[in-house]
Trainee: 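Take a look at this one; I'll ask things after.
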Amino acid sequence: MNKLVDQISELLCSAFTAAGYDASYGKATISNRPDLCEYQCNGAMAAAKAYKKAPIAIANDVVAQLSHEAFESVEAVAPGFINLKLTPAYLCAYLEQMRSAERFGVPRQEPPRTIVVDYGGANVAKPLHVGHLRPAVIGEALCRMERYVGNKVIGDVHLGDWGLQMGLIVEGVRERYPDLPYFDDSYTGEYPSQAPFTISELEEIYPAASARSKVDPAFSARAHEATYRLQKGQRGYAALREHIMNVSIADLRKNYEALDVHYTLWKGESDADPYIMPMIEKMRADGFAVESQGALVVEVQTEEDTKQVPPCILLKSDGAALYATTDLATLVQREQDFHPDKVLYVVDKRQALHFEQVFRTAYKTGIVRPETELKFLGFGTMNGKDGKPFKTRDGGVMRLENFVADITDTVRQRIAQNQVIPPEKMDQTAHQIAIAALKYGDLSNLATKDYVFDIERFTSFEGNTGPYLLYTIVRIGSIMTKYGGDVSGLALRPAESALEKDLQLVLSRFADQLLLAVRDSTPNVLCAYCYELAGAANRFYHDVRILQEPDEARRQGYLALLDMTRRMLLTCIDLLGFSAPEQM
Ligand code: ARG
């Protein structure tokens, strides 16, 4: 269905035509002066030049043609604005249509686009830490929003499972268990199906091996050798690698799921490995890959550049492939598997130059089509209250699990005071609220900016927070429970008060805000919408008595309106990636 603002534009266009002006001037926008009007049109100002007339004269001409039932008031205001207010009946009829439409009438992307979202980047054999939070939270919201508008979305975790780190882990395992068959070159039997380590062991092995390689050159050389053999596909190492991946992925999956983050694809950097050499051979043959100081590079500087863009290095002088090489080969693979219209990378903004080089190389060498959209969404850092990157109390890197547990504890204390949650629901409810607090706290900021994680503020039930949204939902839910009947059949009523109309207007603007958030990859726009909606709902709720309202039709109208608000809020938080408890 059409957005309300577009329906109003249509009426305006007809009025411009009827008044003898071109229809193209009749574009309506949501008012930026809600104290004066609900919608406005600035077309008379633009038309003034073309028709060599005073804008207010044009606005007056148009207003004279606007006698539609949609408008409660239309005003031409100096120097030439047209200010509009809707009739409650028209607004109500529109909402009623939205209420029964699928997805509240949000138009679908036609034709649907195929979008790969690359938003994990965790490293195998290492626990998730707070640095992994932002890509997961932002990426998941973007995937859900894109799906909602009808696009085909493939969310890829793109694990760091390639290069020296794998060699280090292999050598670390060998140190502990030298007798395992994986290290016996003469072994030809089947390898055990059971992994020789648990996730906790693996998480010890890797950092220890990494630290040791920095001070022990012999160990470091062995790790390099193991990396090389792994990439050559040596049988025992491949089997060990399989175990490392399985154990690690099972743990990562569990942790991402606790965050309500669900990937479509569990690929890693190493999956691109088979594509590397053919890609490089082709780049050489096409003359794009050239030698430079012993390395193999693609020049990506162009004449329009005002800054220096260093060449993209494919192979180092020792023949080793680099981070950019795997990202390019991954694009080759994605092009082959999905032929995406868009690839969106949700990665730390400090990697901007890397992606600039990768994108330029991909377009230049024809890995992607010119019309493929490659987009880098570089997010800022989550800081502690001291303004520095978030750390544990003793200055270490905080595990994501512990971080979530801390927030859950804070929430548990808050809700324990309210004494409404039955003990058996306590853990789940606290977790649900904690996830809302941390996700909303993150998403309500512009992704590209740094922000301060403030546990007190983010978990508060008041103010611009996730728990506030949940609280609004729960509160409306409890009215519905008290009412007890089926509200879906009750009719909305034209608004009778300013606060009621306000709430209806906000509801009617869902599609506008969602589509904006999708277009610009800005979940913060959807957050702002949720906050506005919850605010309007609470003001209305405080203004009227719902269940005690004596007029039955009016009471039903209130219930229908609040129920629609609740469903809308539930939809919004689901798009943002969290859910609401029944009580809190
Ligand atoms: N694993 C990488 C890191 O820790 C992030 C990966 C981001 N995605 C990508 N396609 N490069 O920095």
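Numbering of residues begins at 1 and proceeds along the displayed sequence.
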Trainee: Between Arg212 and Glu175 (salt bridge meaning N to carboxylate O under 4.0 Å), is one present in this structure?
Mentor: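 Looking at Glu175 together with Arg212, the answer is yes, because their closest N to O distance falls below 4.0 Å.
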
Trainee: Does Asn402 have any side-chain hydrogen bond (donor to acceptor under 3.5 Å, both in side chains) partners at least two apart in sequence or in another chain, and if so, which?
Mentor: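 With sequence neighbours excluded, Asn402 shows a side-chain hydrogen bond (donor to acceptor under 3.5 Å, both in side chains) to no residue whatsoever.
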
Trainee: I'd like to know if Glu171 pairs up with Arg174 as an ion pair, taking the criterion as any Lys NZ or Arg NE/NH1/NH2 lying under 4.0 Å from an Asp or Glu carboxylate oxygen.
Mentor: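 So Glu171 pairs with Arg174 through a salt bridge.
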
Trainee: Kindly assign one of parallel, tilted or perpendicular to the pair His129 and His132, based on the angle between their ring planes and the thresholds 30° and 60°.
Mentor: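 Tilted, since the angle between the ring planes falls between 30° and 60°.
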
Trainee: For Phe355 and Tyr345, what are the C-alpha separation, side-chain angles and deciding distance, and is it a ring pair (Phe, Tyr, Trp, His ring centres under 6.0 Å)?
Mentor: CA-CA 9 Å; Phe355 282 100; Tyr345 295 82; 4.8 Å; yes

Trainee: Is it true that Asp337 and Arg334 make a salt bridge, defined as a side-chain N closer than 4.0 Å to a carboxylate O?
Mentor: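 Looking at Asp337 and Arg334, the cut-off is not met.
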
Trainee: Please report whether the ring centroid of His262 lies less than 6.0 Å from that of Tyr256.
Mentor: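 So the answer is no for these two rings.
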
Trainee: Take atom CD of Glu102 as the centre, draw a 6.0 Å sphere, and report whether it contains more than 12 heavy atoms from other residues, nucleotides or ligands.
Mentor: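 Atom CD in Glu102 is not packed in, count stays at 12 or less.
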
Trainee: Could you give the side-chain donor-acceptor pairs of residues 570-584 under 3.5 Å, partners two or more places apart or in another chain?
Mentor:
from   : atom 1 : to     : atom 2 : distance (Å)
Thr571 : OG1    : Arg567 : O      : 2.9
Asp574 : OD1    : Arg144 : NH1    : 3.3
Ser579 : OG     : Gln432 : NE2    : 3.0

Trainee: Hey, does the side chain of Asp161 reach the backbone of Glu269 with a donor-acceptor pair shorter than 3.5 angstrom?
Mentor: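 Such a contact is found between Asp161 side chain and Glu269 backbone.
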
Trainee: Please identify each residue that fulfils side-chain hydrogen bond (donor to acceptor under 3.5 Å, both in side chains) with Asn538, with sequence neighbours left out.
Mentor: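 Once residues adjacent in sequence are excluded, the partners of Asn538 under the side-chain hydrogen bond (donor to acceptor under 3.5 Å, both in side chains) criterion are Tyr468, Thr472, Arg475.
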
Trainee: Under 4.0 Å between a side-chain nitrogen and a carboxylate oxygen: does that hold for Glu203 and Arg399?
Mentor: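 Looking at Glu203 and Arg399, the cut-off is met.
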
Trainee: In sequence, state the C-alpha distance, the side-chain angles, and the governing distance for Leu400 and Leu133, and then conclude on side chain to side chain contact (heavy atoms under 4.5 Å, CB included).
Mentor: CA-CA 7 Å; Leu400 198 51; Leu133 194 63; 3.5 Å; yes

Trainee: Excluding sequence neighbours, so at least two apart, what forms side-chain hydrogen bond (donor to acceptor under 3.5 Å, both in side chains) with His224?
Mentor: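 With sequence neighbours excluded, His224 shows a side-chain hydrogen bond (donor to acceptor under 3.5 Å, both in side chains) to no residue whatsoever.
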
Trainee: Could you tell me whether Arg412 and Asp427 make a salt bridge, using a distance below 4.0 angstrom between a side-chain N and a carboxylate O?
Mentor: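 Salt bridge present between Arg412 and Asp427.
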
Trainee: Are more than 12 heavy atoms, taken from residues, nucleotides or ligands other than Glu371, located less than 6.0 Å from that residue's CD atom?
Mentor: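 Enclosed.
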
Trainee: Who are the side-chain contact (heavy atoms from CB on, under 4.5 Å) partners of Lys267, not counting sequence neighbours?
Mentor: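 Partners of Lys267 by the side-chain contact (heavy atoms from CB on, under 4.5 Å) criterion, ordered by chain and then number, come out as Asp156, Leu265, Asp271, Gln333.
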
Trainee: Yes or no on ring pair (Phe, Tyr, Trp, His ring centres under 6.0 Å) for Phe359 and Phe376, after CA distance, side-chain angles and deciding distance?
Mentor: CA-CA 9 Å; Phe359 293 176; Phe376 172 62; 7.1 Å; no

Trainee: Are Arg414 and Glu456 close enough, and set up right, to give a salt bridge (Lys or Arg N to Asp or Glu O under 4.0 Å), and what steps lead you there?
Mentor: CA-CA 10 Å; Arg414 264 186 213 276; Glu456 285 306 317; 3.3 Å; yes

Trainee: One thing to verify: whether Asp305 and Lys307 come together as a salt bridge, which I'm taking to mean a side-chain N less than 4.0 angstrom from a carboxylate O.
Mentor: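 No.
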
Trainee: List for me each residue that meets side-chain hydrogen bond (donor to acceptor under 3.5 Å, both in side chains) alongside Glu373, sequence neighbours excluded, and say none if there are none.
Mentor: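 Arg113.
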
Trainee: Is Glu204 salt-bridged to Arg176, going by a charged N under 4.0 Å from an acidic O?
Mentor: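 Arg176 and Glu204: salt-bridged.
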
Trainee: Lys152 and Glu146: salt bridge (Lys or Arg N to Asp or Glu O under 4.0 Å), yes or no, with the steps?
Mentor: CA-CA 8 Å; Lys152 177 167 184 266; Glu146 291 281 4; over 6 Å; no

Trainee: Is the count of non-hydrogen atoms from other residues, nucleotides or ligands lying under 6.0 Å from Gln301 atom CD greater than 12?
Mentor: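 Result for CD/Gln301: enclosed.
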
Trainee: Just wondering, more than 12 heavy atoms not from Tyr471 lying within 6.0 Å of its OH?
Mentor: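 No, the 6.0 Å shell around OH holds no more than 12 heavy atoms from other groups.
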
Trainee: Where does the angle between the aromatic ring planes of Phe390 and Phe403 fall among parallel (under 30°), tilted (30 to 60°) and perpendicular (over 60°)?
Mentor: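 Answer is perpendicular, since the angle exceeds 60°.
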
Trainee: Between Trp266 and Leu252, is any pair of side-chain heavy atoms under 4.5 Å apart?
Mentor: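 Trp266 vs Leu252: side chains touch.
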
Trainee: What class does the angle between the rings of His243 and Phe197 fall in, given that below 30° is parallel, 30 to 60° is tilted and above 60° is perpendicular?
Mentor: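 Rings of His243 and Phe197: perpendicular, as their planes differ by over 60°.
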
